[in-house]
Amino acid sequence: MAIEDDVLVIGGGLAGATAALAAAAQDRQVRLVTHKQSTLRHASGLIDVLGYTPAGDGPLVDPFDVLSDLPDGHPYERVGVEAVREALSFFDDVAGEAYAGAHTDVNALVPTHGGTVKPTSRYPASTAAGLASDDRDALLVGFETLPDFEAPLAAAHLEAAGIPFTARGVTLSFPGIVRDDAKVTRYAHLLDQNESVSTDAGETGAREALATAVESHIEGESRVGFPAILGDDHAAEVRADLAAALGVDVFEVPMGPPSLPGLRLEDLLYDALEDAGVRVTSGVPVVEYETDTDGDRIDHVVVDRTGSKLPHRADQYVLATGGLVGKGVRSERERVYEPLFDCHVPHAADRYDWFVDDVFGDQPYARFGLRVDRELRPLTADDEPEFSNLRAAGAVLSGYDFAAEKSGGGVSLATGYVAGTRAGEEGGE
(Lines give C-alpha, C1' and ligand atoms only; values in the text may rest on other atoms or scores of the structure.)
Protein backbone atom coordinates (compact mmCIF):
# COMPACT_ATOMS: atom_id res chain seq x y z
CA MET A 1 0.00 0.00 0.00
CA ALA A 2 1.39 3.40 -1.01
CA ILE A 3 1.55 6.30 1.42
CA GLU A 4 -0.78 8.89 -0.12
CA ASP A 5 -0.75 12.68 -0.04
CA ASP A 6 -2.13 15.49 -2.16
CA VAL A 7 1.29 17.03 -2.78
CA LEU A 8 4.73 15.48 -2.40
CA VAL A 9 7.75 17.79 -2.31
CA ILE A 10 11.17 16.24 -2.90
CA GLY A 11 13.98 18.30 -1.36
CA GLY A 12 14.34 20.05 1.98
CA GLY A 13 16.12 23.32 1.22
CA LEU A 14 14.62 26.81 0.94
CA ALA A 15 12.79 26.01 -2.32
CA GLY A 16 11.39 22.72 -1.04
CA ALA A 17 10.31 24.11 2.32
CA THR A 18 8.66 27.11 0.65
CA ALA A 19 6.87 24.86 -1.85
CA ALA A 20 5.56 22.64 0.94
CA LEU A 21 4.34 25.64 2.95
CA ALA A 22 2.68 27.20 -0.11
CA ALA A 23 0.93 23.94 -0.98
CA ALA A 24 -0.24 23.50 2.62
CA ALA A 25 -1.68 27.02 2.49
CA GLN A 26 -4.09 25.66 -0.15
CA ASP A 27 -5.50 23.32 2.51
CA ARG A 28 -3.83 20.24 1.05
CA GLN A 29 -2.22 17.24 2.67
CA VAL A 30 1.47 17.76 2.00
CA ARG A 31 4.55 15.66 2.59
CA LEU A 32 8.17 16.71 2.21
CA VAL A 33 10.82 14.04 1.73
CA THR A 34 14.51 14.78 1.89
CA HIS A 35 17.55 12.56 1.66
CA LYS A 36 20.37 14.57 3.19
CA GLN A 37 20.70 17.52 5.53
CA SER A 38 19.39 20.75 4.11
CA THR A 39 21.91 23.01 2.35
CA LEU A 40 20.47 25.84 4.44
CA ARG A 41 23.00 25.09 7.19
CA HIS A 42 25.75 25.97 4.71
CA ALA A 43 24.07 29.19 3.55
CA SER A 44 24.55 32.71 4.87
CA GLY A 45 20.92 33.08 5.93
CA LEU A 46 20.55 36.08 3.60
CA ILE A 47 17.73 36.16 1.04
CA ASP A 48 19.11 37.72 -2.14
CA VAL A 49 16.64 38.62 -4.88
CA LEU A 50 19.06 40.05 -7.45
CA GLY A 51 22.32 41.81 -6.71
CA TYR A 52 23.74 41.90 -10.24
CA THR A 53 22.25 41.53 -13.72
CA PRO A 54 23.22 38.50 -15.84
CA ALA A 55 25.51 40.90 -17.73
CA GLY A 56 27.32 41.73 -14.49
CA ASP A 57 25.90 45.21 -13.89
CA GLY A 58 25.54 46.16 -10.25
CA PRO A 59 25.37 46.11 -7.37
CA LEU A 60 21.72 46.88 -7.99
CA VAL A 61 19.91 49.39 -5.81
CA ASP A 62 16.41 48.13 -6.61
CA PRO A 63 16.24 44.63 -8.14
CA PHE A 64 12.63 45.19 -9.21
CA ASP A 65 13.82 47.84 -11.66
CA VAL A 66 15.38 45.11 -13.84
CA LEU A 67 13.40 41.91 -13.14
CA SER A 68 11.11 42.47 -16.11
CA ASP A 69 14.15 42.82 -18.40
CA LEU A 70 15.70 39.43 -17.61
CA PRO A 71 16.22 37.05 -20.55
CA ASP A 72 13.76 34.40 -21.64
CA GLY A 73 14.08 31.28 -19.52
CA HIS A 74 15.38 33.00 -16.39
CA PRO A 75 13.40 31.67 -13.40
CA TYR A 76 12.12 35.16 -12.62
CA GLU A 77 10.97 35.56 -16.22
CA ARG A 78 9.13 32.24 -15.92
CA VAL A 79 7.15 33.19 -12.79
CA GLY A 80 6.76 36.94 -13.34
CA VAL A 81 7.59 39.97 -11.21
CA GLU A 82 4.36 39.91 -9.20
CA ALA A 83 5.04 36.34 -8.09
CA VAL A 84 8.43 37.45 -6.73
CA ARG A 85 6.69 40.08 -4.63
CA GLU A 86 4.09 37.58 -3.43
CA ALA A 87 6.80 35.08 -2.50
CA LEU A 88 8.70 37.67 -0.47
CA SER A 89 5.49 38.64 1.33
CA PHE A 90 4.84 34.95 2.02
CA PHE A 91 8.35 34.62 3.49
CA ASP A 92 7.85 37.76 5.58
CA ASP A 93 4.76 36.22 7.15
CA VAL A 94 6.67 33.03 7.95
CA ALA A 95 9.81 34.73 9.25
CA GLY A 96 8.11 37.42 11.33
CA GLU A 97 10.50 39.50 13.43
CA ALA A 98 13.43 37.17 12.73
CA TYR A 99 14.08 38.93 9.40
CA ALA A 100 14.25 42.55 8.25
CA GLY A 101 14.01 44.25 4.87
CA ALA A 102 10.30 44.02 4.14
CA HIS A 103 9.90 47.79 4.41
CA THR A 104 11.54 48.55 1.06
CA ASP A 105 12.30 47.21 -2.43
CA VAL A 106 15.83 48.60 -2.18
CA ASN A 107 18.63 46.12 -1.57
CA ALA A 108 20.34 46.32 1.79
CA LEU A 109 24.15 46.28 1.81
CA VAL A 110 25.32 43.69 4.32
CA PRO A 111 29.04 43.40 5.23
CA THR A 112 30.38 39.84 5.03
CA HIS A 113 33.15 38.08 6.92
CA GLY A 114 35.54 38.66 4.01
CA GLY A 115 35.03 42.40 4.09
CA THR A 116 32.85 42.58 0.99
CA VAL A 117 29.44 44.24 0.85
CA LYS A 118 26.59 42.03 -0.35
CA PRO A 119 23.34 43.42 -1.79
CA THR A 120 20.42 41.49 -0.34
CA SER A 121 16.67 41.81 0.02
CA ARG A 122 15.94 40.11 3.34
CA TYR A 123 18.43 39.69 6.14
CA PRO A 124 18.40 38.29 9.68
CA ALA A 125 17.50 40.81 12.35
CA SER A 126 20.85 40.01 13.94
CA THR A 127 22.64 41.76 11.04
CA ALA A 128 20.40 44.85 10.88
CA ALA A 129 22.59 47.19 12.95
CA GLY A 130 25.59 46.46 10.71
CA LEU A 131 24.32 47.61 7.32
CA ALA A 132 26.94 49.36 5.22
CA SER A 133 24.50 52.14 4.36
CA ASP A 134 24.60 53.20 8.02
CA ASP A 135 27.23 55.93 8.52
CA ARG A 136 27.97 55.12 12.17
CA ASP A 137 31.51 53.93 12.89
CA ALA A 138 31.86 50.23 13.68
CA LEU A 139 34.23 47.99 15.60
CA LEU A 140 34.55 44.45 14.26
CA VAL A 141 35.54 41.79 16.78
CA GLY A 142 37.20 38.55 15.73
CA PHE A 143 38.53 35.69 17.81
CA GLU A 144 41.82 33.80 17.77
CA THR A 145 40.02 30.46 17.58
CA LEU A 146 37.88 31.57 14.61
CA PRO A 147 40.42 32.18 11.84
CA ASP A 148 37.70 32.38 9.17
CA PHE A 149 36.92 35.90 10.40
CA GLU A 150 40.00 38.13 10.38
CA ALA A 151 38.37 41.25 11.80
CA PRO A 152 41.21 43.73 11.08
CA LEU A 153 41.47 42.48 7.49
CA ALA A 154 37.69 42.58 7.00
CA ALA A 155 37.61 46.15 8.31
CA ALA A 156 40.41 47.17 5.94
CA HIS A 157 38.58 45.62 2.99
CA LEU A 158 35.38 47.44 3.90
CA GLU A 159 37.23 50.76 4.08
CA ALA A 160 38.82 50.05 0.68
CA ALA A 161 35.33 49.37 -0.72
CA GLY A 162 34.33 52.95 0.11
CA ILE A 163 31.92 52.45 3.01
CA PRO A 164 30.58 55.73 4.52
CA PHE A 165 31.97 55.07 8.01
CA THR A 166 35.18 54.15 9.76
CA ALA A 167 35.62 50.43 10.41
CA ARG A 168 38.21 49.02 12.77
CA GLY A 169 38.94 45.41 13.71
CA VAL A 170 40.41 43.65 16.73
CA THR A 171 41.16 40.00 17.45
CA LEU A 172 40.56 38.69 20.97
CA SER A 173 40.43 35.46 22.93
CA PHE A 174 36.92 34.10 23.31
CA PRO A 175 36.17 33.47 27.01
CA GLY A 176 35.77 29.76 27.68
CA ILE A 177 37.03 28.61 24.24
CA VAL A 178 40.64 27.50 23.85
CA ARG A 179 40.47 25.04 20.93
CA ASP A 180 40.54 26.30 17.36
CA ASP A 181 38.45 23.33 16.21
CA ALA A 182 35.41 24.24 18.33
CA LYS A 183 32.22 24.25 16.26
CA VAL A 184 30.25 27.46 15.86
CA THR A 185 27.42 25.73 17.70
CA ARG A 186 29.71 25.45 20.74
CA TYR A 187 30.15 29.23 20.85
CA ALA A 188 26.41 29.69 20.44
CA HIS A 189 25.55 27.16 23.15
CA LEU A 190 27.98 28.73 25.60
CA LEU A 191 26.29 32.11 25.12
CA ASP A 192 22.77 30.69 24.93
CA GLN A 193 23.17 29.06 28.34
CA ASN A 194 25.39 31.85 29.69
CA GLU A 195 27.73 29.15 30.96
CA SER A 196 30.22 29.93 33.68
CA VAL A 197 33.74 30.61 32.36
CA SER A 198 37.06 31.37 33.99
CA THR A 199 38.51 34.87 33.61
CA ASP A 200 41.31 36.83 35.28
CA ALA A 201 38.66 38.23 37.61
CA GLY A 202 37.29 34.78 38.48
CA GLU A 203 34.24 32.81 37.36
CA THR A 204 31.52 34.69 35.52
CA GLY A 205 28.84 34.13 32.92
CA ALA A 206 29.97 33.84 29.29
CA ARG A 207 27.99 36.88 28.16
CA GLU A 208 29.44 39.09 30.89
CA ALA A 209 32.94 37.77 30.19
CA LEU A 210 32.62 38.50 26.48
CA ALA A 211 31.35 42.04 27.11
CA THR A 212 34.21 42.70 29.51
CA ALA A 213 36.77 41.46 26.97
CA VAL A 214 35.38 43.76 24.27
CA GLU A 215 34.56 46.87 26.30
CA SER A 216 38.10 48.26 26.60
CA HIS A 217 38.58 48.10 22.82
CA ILE A 218 35.67 50.39 21.96
CA GLU A 219 36.97 53.83 20.96
CA GLY A 220 33.81 55.82 20.44
CA GLU A 221 32.15 53.40 17.99
CA SER A 222 28.39 53.19 18.43
CA ARG A 223 28.08 49.65 17.05
CA VAL A 224 30.07 46.44 17.39
CA GLY A 225 30.02 43.52 14.97
CA PHE A 226 30.75 39.92 15.89
CA PRO A 227 31.02 36.80 13.75
CA ALA A 228 27.62 35.08 13.52
CA ILE A 229 27.97 32.98 16.69
CA LEU A 230 25.86 34.97 19.15
CA GLY A 231 23.52 32.26 20.32
CA ASP A 232 21.01 30.05 18.59
CA ASP A 233 17.84 29.35 20.57
CA HIS A 234 18.27 32.62 22.50
CA ALA A 235 20.15 34.70 19.94
CA ALA A 236 18.06 37.87 20.38
CA GLU A 237 18.53 37.69 24.15
CA VAL A 238 22.31 37.26 23.78
CA ARG A 239 22.56 40.30 21.51
CA ALA A 240 20.40 42.38 23.82
CA ASP A 241 22.51 41.50 26.86
CA LEU A 242 25.76 42.33 25.04
CA ALA A 243 24.32 45.61 23.74
CA ALA A 244 23.18 46.62 27.23
CA ALA A 245 26.54 45.74 28.78
CA LEU A 246 28.56 47.56 26.09
CA GLY A 247 26.22 50.52 25.61
CA VAL A 248 26.29 50.11 21.81
CA ASP A 249 24.31 48.37 19.10
CA VAL A 250 25.45 44.80 18.45
CA PHE A 251 25.25 42.98 15.14
CA GLU A 252 26.41 39.77 13.51
CA VAL A 253 28.52 39.43 10.37
CA PRO A 254 27.40 36.53 8.12
CA MET A 255 29.98 33.74 7.98
CA GLY A 256 30.82 30.88 5.65
CA PRO A 257 29.67 27.31 6.29
CA PRO A 258 28.66 25.95 8.67
CA SER A 259 26.44 28.94 9.25
CA LEU A 260 24.42 29.68 12.37
CA PRO A 261 22.09 32.09 10.51
CA GLY A 262 21.50 29.26 8.03
CA LEU A 263 20.76 26.85 10.85
CA ARG A 264 18.38 29.36 12.41
CA LEU A 265 16.59 29.79 9.08
CA GLU A 266 16.31 26.02 8.76
CA ASP A 267 14.80 25.81 12.26
CA LEU A 268 12.39 28.65 11.46
CA LEU A 269 11.16 26.97 8.27
CA TYR A 270 10.85 23.50 9.76
CA ASP A 271 8.94 24.87 12.74
CA ALA A 272 6.60 26.51 10.23
CA LEU A 273 6.23 23.21 8.35
CA GLU A 274 5.23 21.47 11.58
CA ASP A 275 2.74 24.22 12.42
CA ALA A 276 1.26 23.94 8.91
CA GLY A 277 0.75 20.20 9.30
CA VAL A 278 3.30 19.23 6.64
CA ARG A 279 4.62 15.72 7.16
CA VAL A 280 8.41 15.69 6.92
CA THR A 281 10.28 12.47 6.17
CA SER A 282 14.06 12.87 6.42
CA GLY A 283 16.95 10.61 5.49
CA VAL A 284 15.13 8.81 2.70
CA PRO A 285 16.28 9.04 -0.92
CA VAL A 286 13.81 8.73 -3.78
CA VAL A 287 15.15 5.83 -5.85
CA GLU A 288 12.43 4.98 -8.37
CA TYR A 289 9.22 6.27 -9.90
CA GLU A 290 6.33 4.87 -11.91
CA THR A 291 4.05 6.68 -14.35
CA ASP A 292 0.44 6.08 -15.31
CA THR A 293 -0.30 3.91 -18.32
CA ASP A 294 0.00 6.85 -20.72
CA GLY A 295 3.35 7.92 -19.28
CA ASP A 296 1.97 11.45 -18.89
CA ARG A 297 1.75 11.59 -15.09
CA ILE A 298 3.87 10.36 -12.22
CA ASP A 299 1.82 7.75 -10.41
CA HIS A 300 4.13 7.22 -7.44
CA VAL A 301 7.72 7.40 -6.31
CA VAL A 302 9.63 4.88 -4.22
CA VAL A 303 11.83 5.86 -1.29
CA ASP A 304 14.52 3.75 0.29
CA ARG A 305 14.09 3.63 4.04
CA THR A 306 17.05 1.69 5.47
CA GLY A 307 16.80 -0.90 2.72
CA SER A 308 13.01 -1.11 2.57
CA LYS A 309 11.37 0.34 -0.53
CA LEU A 310 8.21 2.28 0.26
CA PRO A 311 5.92 3.78 -2.40
CA HIS A 312 4.61 7.34 -1.99
CA ARG A 313 1.74 8.46 -4.19
CA ALA A 314 0.50 12.03 -4.66
CA ASP A 315 -1.62 13.99 -7.10
CA GLN A 316 1.12 16.57 -7.59
CA TYR A 317 4.91 16.55 -7.20
CA VAL A 318 7.51 19.29 -6.70
CA LEU A 319 11.18 18.62 -7.45
CA ALA A 320 13.48 20.84 -5.36
CA THR A 321 16.66 18.80 -5.08
CA GLY A 322 19.19 21.52 -5.89
CA GLY A 323 21.66 22.02 -8.73
CA LEU A 324 25.14 20.68 -9.36
CA VAL A 325 26.25 21.49 -5.80
CA GLY A 326 23.23 19.80 -4.21
CA LYS A 327 23.43 16.93 -6.73
CA GLY A 328 19.94 17.55 -8.01
CA VAL A 329 21.77 17.86 -11.33
CA ARG A 330 24.71 15.57 -12.07
CA SER A 331 27.40 15.39 -14.69
CA GLU A 332 29.48 12.63 -16.22
CA ARG A 333 32.10 12.86 -18.94
CA GLU A 334 29.53 12.52 -21.69
CA ARG A 335 26.34 13.99 -20.27
CA VAL A 336 24.58 16.18 -17.73
CA TYR A 337 21.38 14.78 -16.28
CA GLU A 338 18.69 14.98 -13.59
CA PRO A 339 18.95 11.71 -11.62
CA LEU A 340 15.43 11.16 -10.21
CA PHE A 341 13.07 11.53 -13.18
CA ASP A 342 15.70 11.80 -15.93
CA CYS A 343 14.32 15.17 -16.96
CA HIS A 344 16.04 16.86 -19.88
CA VAL A 345 19.04 19.07 -18.99
CA PRO A 346 20.13 21.19 -21.97
CA HIS A 347 23.90 21.20 -22.47
CA ALA A 348 26.48 21.23 -25.25
CA ALA A 349 27.42 17.86 -26.71
CA ASP A 350 31.13 18.63 -26.29
CA ARG A 351 32.05 18.71 -22.61
CA TYR A 352 34.78 21.27 -23.32
CA ASP A 353 32.00 23.71 -24.14
CA TRP A 354 30.63 23.35 -20.61
CA PHE A 355 33.21 25.80 -19.27
CA VAL A 356 35.52 28.61 -20.29
CA ASP A 357 39.20 28.92 -19.36
CA ASP A 358 38.74 32.18 -17.47
CA VAL A 359 37.90 31.06 -13.95
CA PHE A 360 36.01 34.32 -13.42
CA GLY A 361 34.30 34.13 -16.80
CA ASP A 362 30.68 33.36 -17.63
CA GLN A 363 30.67 29.60 -17.05
CA PRO A 364 27.99 27.65 -18.99
CA TYR A 365 27.87 24.94 -16.31
CA ALA A 366 26.68 27.52 -13.78
CA ARG A 367 23.36 27.64 -15.66
CA PHE A 368 22.85 23.89 -16.03
CA GLY A 369 19.42 22.75 -14.93
CA LEU A 370 15.88 22.04 -16.10
CA ARG A 371 14.10 24.23 -18.61
CA VAL A 372 10.53 24.83 -17.46
CA ASP A 373 7.32 26.33 -18.77
CA ARG A 374 5.48 29.13 -16.97
CA GLU A 375 3.84 26.53 -14.73
CA LEU A 376 7.39 25.44 -13.77
CA ARG A 377 6.87 22.02 -15.37
CA PRO A 378 10.16 20.57 -16.67
CA LEU A 379 10.31 20.42 -20.46
CA THR A 380 11.60 17.75 -22.79
CA ALA A 381 14.04 18.47 -25.62
CA ASP A 382 10.90 19.04 -27.76
CA ASP A 383 9.54 21.67 -25.34
CA GLU A 384 6.74 19.44 -24.05
CA PRO A 385 6.11 18.91 -20.33
CA GLU A 386 7.97 15.85 -19.05
CA PHE A 387 5.02 15.05 -16.75
CA SER A 388 1.81 17.01 -16.30
CA ASN A 389 1.92 16.73 -12.50
CA LEU A 390 5.59 17.56 -11.86
CA ARG A 391 6.99 21.01 -11.16
CA ALA A 392 10.52 22.09 -10.32
CA ALA A 393 11.85 24.86 -8.09
CA GLY A 394 15.11 26.33 -6.86
CA ALA A 395 18.65 25.53 -7.97
CA VAL A 396 17.55 22.57 -10.11
CA LEU A 397 16.31 25.14 -12.66
CA SER A 398 18.36 26.42 -15.58
CA GLY A 399 18.65 29.91 -17.02
CA TYR A 400 20.47 31.73 -14.25
CA ASP A 401 23.78 31.85 -12.38
CA PHE A 402 22.81 32.33 -8.74
CA ALA A 403 26.38 32.89 -7.54
CA ALA A 404 27.17 35.65 -10.05
CA GLU A 405 23.73 37.27 -9.84
CA LYS A 406 23.38 36.95 -6.07
CA SER A 407 19.87 35.61 -6.70
CA GLY A 408 19.83 32.15 -5.11
CA GLY A 409 17.52 32.80 -2.18
CA GLY A 410 15.08 34.87 -4.19
CA VAL A 411 14.82 32.30 -6.98
CA SER A 412 14.28 29.52 -4.44
CA LEU A 413 11.56 31.52 -2.72
CA ALA A 414 9.77 32.67 -5.86
CA THR A 415 9.84 29.35 -7.71
CA GLY A 416 9.14 27.35 -4.57
CA TYR A 417 6.16 29.57 -3.82
CA VAL A 418 4.74 29.32 -7.35
CA ALA A 419 5.39 25.58 -7.70
CA GLY A 420 3.85 24.86 -4.30
CA THR A 421 0.86 27.11 -4.87
CA ARG A 422 0.10 25.59 -8.30
CA ALA A 423 0.55 22.07 -6.94
CA GLY A 424 -1.73 22.88 -4.03
CA GLU A 425 -4.38 24.31 -6.33
CA GLU A 426 -4.42 21.14 -8.43
CA GLY A 427 -3.59 18.50 -5.82
CA GLY A 428 -6.47 16.58 -4.27
CA GLU A 429 -9.02 17.74 -6.82
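Using modelled atom types, one finds a donor on one side chain and an acceptor on the other under 3.5 Å when comparing Tyr187 with Thr145.
Formation of a donor-acceptor pair under 3.5 Å by the Thr380 side chain with backbone atoms of Glu384 is found in this model.
Under 4.0 Å is where a charged nitrogen must lie from a carboxylate oxygen, and between Asp48 and Arg122 no such pair does. Electrostatic pairing of Glu425 and Arg28 does not count as a salt bridge here, judged by no charged N lying under 4.0 Å from a carboxylate O. Between Asp5 and Arg31, at least one side-chain nitrogen of the basic residue sits less than 4.0 Å from a carboxylate oxygen of the acidic one, meeting the salt-bridge criterion.
Between Ile298 and Val301, the closest heavy-atom pair is CG2-CG1, 4.2 Å. Residues Val238 and Leu191 share a closest heavy-atom pair of CG2-O, 3.6 Å.
Outside the 6.0 Å centre-distance limit, the rings of Tyr317 and Tyr289 are not counted as a close aromatic pair.
Between atom OG1 of residue Thr291 and atom CZ of residue Arg297 there is a gap of 11.0 Å, rounded to the nearest 0.5 Å. For the atom pair OG1 of Thr185 and CD1 of Ile229, the computed distance is 11.0 Å after rounding to the nearest 0.5 Å.
Residues forming a salt bridge (charged side-chain N to carboxylate O under 4.0 Å, His left out) with Glu266 (at least two apart in sequence, or on another chain): Arg41.
Ring pair Phe402/Tyr400 is tilted by interplanar angle, where 30° to 60° counts as tilted. Classification of the Tyr417-Phe90 ring pair by plane angle, with boundaries at 30° and 60°, yields tilted.
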